[in-house]
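One structure is given below, encoded as structure tokens.
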Amino acid sequence: MLSFCRDSAWKYLQSTHLGGDRTYSHYTSRDFSSQFGLEDFLCTDDIPGTDEDTDSAVLFGTLRGNVVGLRYYTGVVNNNEMVALQREPNNLYDKNAVKVNNVNGNQVGHIKKELAAPLAYIMDNKLAIVEGVVPYGAKNAFTMPVQMSFWGKEENKQTVLDKLKMHGFKLAPPSKSSEFGFGSSWVSGRAGPSYSAPGHAAVQMTTEQLKSEFDKLFEDLKEDDKTHEMEGAEAVGTPLLPHQKQALAWMVSRENSKELPLFWEEKNSFYYNTLTNFAEKERPETVLGGILADDMGLGKTLATIALILTNFHDGKPLPVEKIKSDQLHKVAWLSGKKTIFSFSLLFFSLSPEETSCNVEPNISNVKKKSETIQSQYSSSRPKSKKLEDAVHSWFLHPSDWSTGSVQSVKKNDSEEGPRTTLIICPLSVLSNWIDQFEQHIRPDVHLNIYVYYGPDRSKDPAFLSKQDIILTTYNILASDYGSRGDSVLHRLKWLRVVLDEGHTIRNPNAQQTKAALNLEAQRRWILTGTPIQNSLKDLWSLLSFLKLKPFTDREWWHRTIQRPVMLGEQGALRRLQALIKNITLRRTKTSKIKGKPVLELPERKIFIQHVTLTEEERKIYQSVKNEGKAAISRYFNEGTVLAHYADVLGVVLRLRQLCCHPHLCTNTSSSSCQIGDTPEELREKLVNKMKLILSSGSDEECAICLDSLNLPVITHCAHVFCKPCICEVIQSEQPNAKCPLCRNELRVEHLVECPPEESDSSIEKKGDREWISSSKINALMHALIDLRKQNPAVKCLIVSQFTTFLSLIETPLKESGFVFTRLNGSMAQKKRVQAIQSFQDSQTGSPTIMLLSLKAGGVGLNLTAASRVFLMDPAWNPAAEDQCFDRCHRLGQKQDVVITKFIVKNSVEENMLKIQKKKRELAAGAFAAKKLTVSEVKQTKINEIKSLIDL
DNA sequence: ACCGCCGGGTGCC
DNA sequence: ACCGCCGGGTGCC
């Protein structure tokens, strides 16, 4: 019921997706392989027709046709307006019917049936995408002309031409300006007499060129009117830094803006869209929001909190109403039995239903629950007054609530419309938001915050709509939305929706994207540190979320911006830049305000501490290395290195593990799968390979959804995906599904799942083994003890990609009397929060060390209590290391940060450093670096392997 | 639609 | 006239 009408958009979407599974995988496979730092290693060049259909499309030519039946429809167009052609296969009168819609999606008419016949064939078989522009005659009563452009893959061109010829039509060959609607020459008549060579209208830019152009897009965003500053409302408990005041001023002005959106003009009481030439009487909705694309650590969360409080209602701030403490009953509310995060800070009024169904009127029960909360929060954060009070208030008998001793909040009684801000974030930053609310909202402010998370979350619309802020995750949003597309979150209208880490919705086919796009809100914000992560394509869902007309429909985005930019069309990039500038605020860590850096972070120094293995360790290392080297040499001789990628990776992994500790190397020799293997043997080998990949410290990302692996499964060709993702691919490519990464045959029944975590038992197994130290552990302990002598209060992060290594480190830490905590990627949310909070606590007796797995947490993680980092083993990807360092070297860090990398001499680790160095240079260097050919790329990868194991 | 097309009415000059 | 011509009815797919 909420989904707005955009049939043509979805049609379009499907048409580019179907048969596009393979095409899609190309561009994702780069990400996938980059997780190993061996880009393009996985032979993406073997995949034919790799880019999205729409990207590799060329213009076949143009054709003038007629739109008929105008009498019967309400949709109107202007001269030179773009129109959408949409198949209507269920038309009662003609199976070949092709509808013509205006930019708004209103039907204008039909394509005349003689032309509709070949068009239907072309469109149904996806031989070409057909786009229309009405050159003149827009005001005709019965029929009007339409200039059609046919875009498709080169190999389909002849089929299209033949089909049209069969029906007596002939395409005019493309001429330079014929395909765009921007005041071009053909408008006045037929495409010019030019018979220039068909094909690309312009030379396509290389990825590097485009990327550097994208970077430029953001370069000048800081100037113009975005330097205005605004103080936060009284309710904001934290003083804002200058750049945060700018963000606030900009966000408030965006929310209260009355300006027409970009590319719209008012003309004779009509509103014209200058890109599509669409016009309508109704004023296009002003986009009350935008993209806050500041670098990580500049305080996007704080800016958003400040916005919520400062532009609370009617352009006015949330009033701070001083209340006497004896009148103040602080109530925490626990929804159901297990959810800990379902609490409300201070006040809110419960609806009778909520009271009766979620809170059992049983004092001992309530006490028990509150004690659980208390042990989980209060003990770790005794200074958190607010929460402590909240917990104490639990001891109020629930009957008090109905006798009225808990006042319901009276706030903004005059308020009309929705009052609630819905914030959606990845689970990993949920707790960060809760922390920041506590930190930045003045304690005497009435604000209802509800964390919509956990199995017992309230789905009562009356209750939810009474909240000021609701916090939830993309996963909850998507799973609530489900297949039926309705959920309480989608039934309610929100004052404001904020998407944190907004690039999460870059994939238009992902469920969470669809769920986010269908939320109804007055004001819409996207917070992200990486606005264009992979390509221009990623921008569409963001713009669609912002409801920026006409880009909510992908066809118009594609025709007016994406394709013109990709084809390097004159002015297209400027158009894109204007667009981004209009809705985005971006500052980087190096941005300056009035000559001063936006953030003055303490220094960050990186030291490399070389470690020499003991003779014993070196012996083991050498034997494993020789063995692996022999195997890899064999692959080289056979020319099968690339086919044995997982095995090569395995050899390298074992060597890396041996550099850390001999016990890490669990002899799961993943010998390659042989034909003679029994199903059990094969299965076991695949499971081992999968574990290898999952534990190798590389990004655990699925190449299909680009997100972290959800129910990882391994294919017979040894590639790992989310089970739902790969099943969908198999489904849609039936009966001959192929692996998106290597094009080997795929079958659902061949997918092997990861057996349930046995890490606990394996750790215990390790525990049975007698603990021994290692050279690296010795080096670490030496450094830690030294450091403690100098300053016992200093806090350290100990980072490794191997969680078992972190477990091994626990033993000497305990022996030497260090208080430590631990954070793994796999930890339950509540445990994580606990670990982070106790570590960030500055009290004496709090942990001074955190054992951190390299990938744990994600972007939002704030560990500024630490000023020392010990990186136990180098990562493939230097960016992953940097991101990890940024968790303590960020806003809030007061001390210089010293990072120590332990590197074993004469080992694979040193070689990894060399590769890292190359990568850094490549990343920093000019994008002008020429694109490597396929064979050059392969050679590079082979060289990397060789240098890794000294071949 | 100030068209095309259809089909009924009509029929020397 | 098994035609031509006239003029009314009619009109997307």
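Quick note: numbers below take in every heavy atom, side chains included, and nothing from hydrogens, waters or symmetry partners. Keep in mind it's a predicted model, so treat the numbers as computed, not measured. Sequence lines set the chain letters: A, B, ... in the order given, protein chains first and strands last, and positions in each chain run from 1.
- C:dT10 atom P lies 12 Å from atom OH of A:Y72, rounded to whole Å.
- Put simply, CZ on A:F142 is 13 Å from P on B:dC3, counting in whole angstrom units.
- Seen from the ring of A:F270, A:K281 counts as a face-on cation partner, given the 6.0 Å and 45° thresholds.
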Which atoms of nucleotides 4-6 of chain B (N or O only) lie under 3.5 Å from a protein N or O atom, and what are those distances?
none

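- Summarising the geometry, the separation between NZ on A:K113 and P on C:dC12 is reported as 9 Å, rounded to the nearest angstrom.
- At a threshold of 4.0 Å, the pair A:K549-A:E280 counts as salt-bridged, since one of the basic side-chain nitrogens sits closer than that to a carboxylate oxygen.
- In this structure, the NZ atom of A:K99 is 11 Å from the C1' atom of C:dC13, given to the nearest Å.
- Within 3.5 Å, no donor on the side chain of A:D94 pairs with an acceptor on the base of C:dC13, nor the reverse.
- Taking each heavy atom of A:G65 and A:L115 in turn, the nearest pair found is CA-CD2, 3.8 Å.
- Comparing the C1' positions of C:dA1 and C:dC6 gives an interatomic distance of 15 Å, to the nearest angstrom.
- Taking the C1' atoms as reference points, B:dC2 lies 26 Å from C:dC13, given to the whole Å.
- No more than 12 heavy atoms of other residues, nucleotides or ligands sit less than 6.0 Å from atom CZ of A:R71.
- Ion pairing of A:E131 with A:R563 is present here, as a side-chain N (NZ or NE/NH1/NH2) and a carboxylate O approach within less than 4.0 Å.
- For B:dG11, the paired base is C:dC3 (Watson-Crick or G-U wobble, both distances below 3.5 Å).
- Of all heavy-atom pairs spanning A:N78 and A:F278, the tightest one is ND2-C, 3.8 Å.
- In summary, A:R491 and A:E520 do not engage in a salt bridge, as defined by a charged side-chain N under 4.0 Å from a carboxylate O.
- As judged by a 4.0 angstrom heavy-atom cut-off over every strand, A:L92 is placed among residues making no nucleic acid contact.
- As rounded to whole Å, 9 Å separates atom C1' of C:dC12 from atom CG of A:L70.
- Atom OH of A:Y73 and atom C1' of C:dC12 are 6 Å apart (whole Å).
- Remark: P of C:dC12 and CG of A:N140 are 16 Å apart, rounded to the nearest angstrom.
- A:K112 has its NZ atom 10 Å from the P atom of C:dC12, to the nearest Å.
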